[in-house]
Amino acid sequence: MLIVKTIEELQTAKKMLSGSIGFIPTMGALHHGHLSLIRKAREENEHLIVSIFVNPTQFLEGEDLEAYPRKDEADIKICELAKVDILFMPTSAVMYEEDELCIGAPAVRGYVLEGAKRPGHFDGMLQVVMKLLNVSGATHAYFGKKDAQQLALITQMTKNYFMDVHIIPCEIVRDDRGLALSSRNVYLKEDERERALCLSRALKKATKMVMSGELSVEKITKMMSEELRDADEVEYIAIVNREFQALETVEIGNTIILVAAWVGKPRLIDNLWI
Ligand code: PAF
């Protein structure tokens, strides 16, 4: 595995590649969720590039940029074992210059739910993903469905900017008790880990309600808010269509149920695609 840290090194390394390039951008602290993306990309492409970059522009003032878990040594080993061809590990100075041209999240889809709670987050996320997709030369880029809105906005960006890359959505990976994997789960203390299960439990119960024919958004939301009482603070429970527009009735095949809640230190998100 080749580890590169500059744009020039990556561009030189990329010139040696022909055929499809699978790419997974990450912020490191790799877990089984990342690994499932890496494995899928490995199977489906001739070459595999992973990036590790904790992108400062997508963190808001007061968020956990400084404290964000960094595990470079372990991450390098994981990538080696997963047969990554090129690992790109730039610094902020490599990725950004002063007074940059910026792209922004769309005014509606980019400013509901996560975009409303974290205004500016998606601008920074799209900015770095655009850069990483361009410099990696990815033909196929893999993103988890856990960050449902992120996935939707990246897909929209590649469409709106006529970018020649396939965005591949990947299933949420959970631990054996149902907790959706996230790098921020390391912040959870023992009892919080237990309480954090209320997110996936609420979503599971929502599935059961839908499967038994209950499609009322009001009733499902009420059940979920009761189920989520183990969280310290629920930021939102949302039942939307794939365009992130609020629904009154669940539309089978076109609905996402999302939740964001604080449990101890981390803010957790989870969702279910129906
Ligand atoms: O999902 C993430 O880890 C980040 O938002 C991403 C896509 C790597 C961009 O920094």
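Here the structure is a predicted model, which is why all the values come from computation and not from measurement. Ligands are counted one by one from 1 in listed order, and the atoms in each one are counted from 1 as well.
At a threshold of 4.5 Å between non-hydrogen side-chain atoms, the residues Ile237 and Leu228 count as touching.
Annotation for ligand 1: atoms under 4.0 Å from non-hydrogen atoms of Thr26 are 8 (C). Within ligand 1, counting atoms from 1 as listed, the ones closer than 4.0 Å to a heavy atom of Met125 are 5 (O). Proximity to Val128 (heavy-atom distance under 4.0 Å) selects the following atoms of ligand 1: 9 (C), 10 (O).
For the pairing with Phe143, the side chain to side chain contact (heavy atoms under 4.5 Å, CB included) check across Pro169, Cys170, Pro25 returns one residue only, Pro25.
Pairs of residues two or more places apart, or lying in two chains, that qualify as salt bridge (Lys or Arg N to Asp or Glu O under 4.0 Å) and include a residue from residues 119-132 are Glu100-Lys131.
At the shortest separation from atom 5 (O) of ligand 1 among protein heavy atoms lies Gln150 OE1, 2.8 Å. Of all protein heavy atoms, the one lying nearest to atom 4 (C) of ligand 1 is Gln58 NE2, 3.6 Å. In this structure, the protein non-hydrogen atom closest to atom 3 (O) of ligand 1 is Met27 CG, 3.7 Å.
Residue-level proximity to ligand 1 for Leu132 is absent, since no heavy atom of it falls below 4.0 angstrom.
Aromatic ring centroids of Tyr68 and Phe59 lie under 6.0 Å apart.
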Worked verdict on Thr6 versus Glu9 for side chain to side chain donor-acceptor pair (under 3.5 Å): CA-CA 5 Å; Thr6 67; Glu9 282 175 308; 3.2 Å; yes
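Contact detail for Gln149 and Leu113: the closest heavy-atom pair is OE1-CB, 3.5 Å.
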